[in-house]
Amino acid sequence: MAVNLKSIREKVEAGLRLSSEEGVFLMTAPDLLEIGAIANIVRRRKNGNRAHYIVNAHINHTNICVNQCRFCAFQRGADEEGAYTMSLQTVMEEAKAGYAPGVSEFHIVGGLHPDLPYGYYRGMIASLHQAYPDVHLQAFTAVEIDYFARIAGMGVEETLRDLKDAGLGSLPGGGAEIFDPVIRKKICPDKISGKRWLAVHEAAHRAGMRSNATMLYGHIESPEHRIDHLMQLRGLQDRTGGFLTFIPLAFHPVNTDFDNRHFTTGQLDIRMLAVSRLMLDNFDHIKAFWIMITPQISQLSLFFGADDVDGTVIEEKITNAAGAQSGKALTEARLVGLIREAGFEPFRRDTLYNPAAAPEPASV
Ligand code: V47
């Protein structure tokens with residue numbers, strides 16, 4: 001049967017799964033408003049009128065990395081100007097600076113440092129967990145976990161269980177980039193394969209932890225590569241149900257090897273979210289990370305399948321190094337205002353999408 005938007009709408013209304021052929025069609029079909037309207041059916045079915053956000057803070061403990069991903073403006077070699085590594089004491093000071101009553105998550109991602117021992121990472125999690133027992137620690141991409149396992153001489157699942165014992169709550173979705181091996185080799189030749197990334201997440205799910213998934217788009221990949229990536233995520237989610245949310249990450253070219261390319265367009269950012277909503281029928285949430293696509297596009301994407309705008313974020317470094325224009329933090333009032341103005345119900349969530357209580361107002 002010929003693929004068209006009418007047949008896709010009928011399938012989605014009937015709760016049927018879309019094929020990869022239909023996914024590729026959606027990546028290029030001109031009628032973005034109809035694609036958004038179909039994605040909105042799924043969005044409403046799964047999340048009603050809710051738009052989620054979280055009060056969180058990011059900690060990037062080092063930018064020194066043995067990998068040299070060609071899309072990354074954050075990475076430095078150990079002796080390069082601008083390289084930094086936080087001592088555990090500095091990590092605790094950063095956490096203190098980012099913490100305020102109501103912060104429910106620390107989001108922690110860093111480079112693959114050539115010399116730090118495994119004890120540094122375990123110590124970081126244990127110290128943060130001890131100092132902030134109510135704050136969920138979402139830390140270390142699958143790429144970092146794979147690296148820690150190698151430096152610790154342990155298996156991946158053993159490493160994950162050990163970090164979980166220390167207080168790790170869940171894994172962020174970074175490092176997925178694009179799974180296709182040919183494109184992956186061109187943009188991040190040193191990085192673990194897509195298959196390995198999926199295996200680490202599968203191990204995390206088996207160890208009883210949830211995780212996020214991402215995809216870096218808008219560089220040299222094709223619509224087919226994007227859909228292949230989504231299909232592989234959908235396959236793992238069928239097996240484990242461990243993914244919390246999917247976040248498409250819009251490529252930022254400044255200070256990267258691909259600095260001759262343009263920023264992504266609003267059209268592509270919104271389409272990527274809508275198509276993700278439609279293809280990932282077994283994911284509960286699709287996140288429009290405002291740092292990557294601006295608060296303005298994040299707000300509009302709520303009508304196109306997204307149900308989450310991420311959070312207050314204080315203070316993101318990776319996208320900012322690559323030319324993000326959105327700033328490094330948003331206040332909760334601004335996030336709530338964006339959601340309300342669009343006619344959605346702001347839902348302050350914790351990492352696991354449970355309601356997160358607002359702090360008691362300070363008495364005067
Ligand atoms: O893996 C690196 C991406 C990721 C660039 O799990 C870039 O909730 C755009 O994964 N342009 C790290 N993107 C950040 C990340 C993340 C962010 C927010 C929320 C969550 C979550 C995860 O950032 C990397 C890479 O894919 N990245 N360089 C760049 N130039």
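Order of appearance sets the numbers: ligands from 1, and atoms from 1 within every ligand.
Ranking protein heavy atoms by distance to atom 18 (C) of ligand 1, first place goes to Phe289 CE2, 3.3 Å. Nearest protein heavy-atom neighbour of atom 9 (C) of ligand 1: Ala250 O, 3.2 Å. From the protein, the heavy atom lying nearest to atom 10 (O) of ligand 1 is Gly174 CA, 2.8 Å. The protein atom (non-hydrogen) at minimum distance from atom 11 (N) of ligand 1 is His252 N, 2.9 Å. At the top of the distance list for atom 5 (C) of ligand 1, counting protein heavy atoms only, stands Phe71 O, 3.8 Å.
No more than 12 heavy atoms of other residues, nucleotides or ligands shown are found within 6.0 angstrom of CZ on Arg334. Dense packing is recorded around CD of Glu80, with more than 12 heavy atoms of other residues, nucleotides or ligands lying under 6.0 Å away. The neighbour count for Gln130 CD, taken as heavy atoms of other residues, nucleotides or ligands under 6.0 Å away, does not exceed 12. For Arg340, the CZ atom counts as loosely surrounded, since its 6.0 Å shell holds 12 or fewer non-hydrogen atoms of other residues, nucleotides or ligands.
The shortest N or O to N or O distance between His107 and ligand 1 is not under 3.5 Å. Below 3.5 Å of separation, one finds an N or O of Gly173 facing an N or O of ligand 1. Close N/O approach between Ala176 and ligand 1 is not found [any backbone or side-chain N/O within under 3.5 Å]. In terms of N/O distances under 3.5 Å, ligand 1 is approached by Glu177. An N or O contact shorter than 3.5 Å is missing between Ile247 and ligand 1 by distance. For ligand 1, the polar-atom distance check finds no N/O of His58 at less than 3.5 Å from any of the ligand's N/O atoms.
Ligand 1 lies less than 4.0 angstrom from a heavy atom belonging to Met292.
Taking a cutoff of 4.0 Å between a charged side-chain nitrogen and a carboxylate oxygen, Arg161 and Asp165 do not qualify as a salt bridge. With salt bridges taken as basic N to acidic carboxylate O contacts below 4.0 Å, none links Asp281 and Lys11.
Of all atoms in ligand 1, listed by their number and element, those nearer than 4.0 Å to a heavy atom of Pro172 are 6 (O). Residue-ligand proximity, Leu216 to ligand 1, at heavy-atom distances under 4.0 Å covers atoms 7 (C), 9 (C), 13 (N). Residue Asn212 has at least one heavy-atom neighbour below 4.0 Å for each of these atoms of ligand 1: 6 (O), 8 (O), 21 (C). Close approach to Gly175 involves these atoms of ligand 1, each under 4.0 Å from a residue heavy atom: 1 (O). Near Lys287, meaning under 4.0 Å from any of its heavy atoms, are these atoms of ligand 1: 8 (O), 21 (C).
Pairing each heavy atom of Leu26 with each of Leu278, the nearest pair is CD1-CD1, 3.9 Å.
Tested against Ser170 for a side-chain hydrogen bond (donor to acceptor under 3.5 Å, both in side chains), the candidates Arg210, His136, His107 yield a single pass: His136.
The structure places CZ of Arg184 at 6.5 Å from NZ of Lys191, a figure rounded to the nearest 0.5 Å.
Side-chain atoms of Leu32 and Phe304, non-hydrogen and from C-beta on, do get closer than 4.5 Å to each other. Between Tyr53 and Arg348, the closest side-chain pair of non-hydrogen atoms falls below 4.5 Å.
For atom 27 (N) of ligand 1, the choice among Val109, Thr245, Ile318 with the nearest heavy atom turns out to be Ile318. For atom 3 (C) of ligand 1, the choice among Ile178, Leu249, Asp259, Asn56 with the nearest heavy atom turns out to be Leu249.
If you look at Ala73 next to ligand 1, there are no close heavy atoms at all, none under 4.0 Å.
Relative to the ring axis of Tyr353, Arg349 places its NZ or CZ within 45° and under 6.0 Å from the centre.
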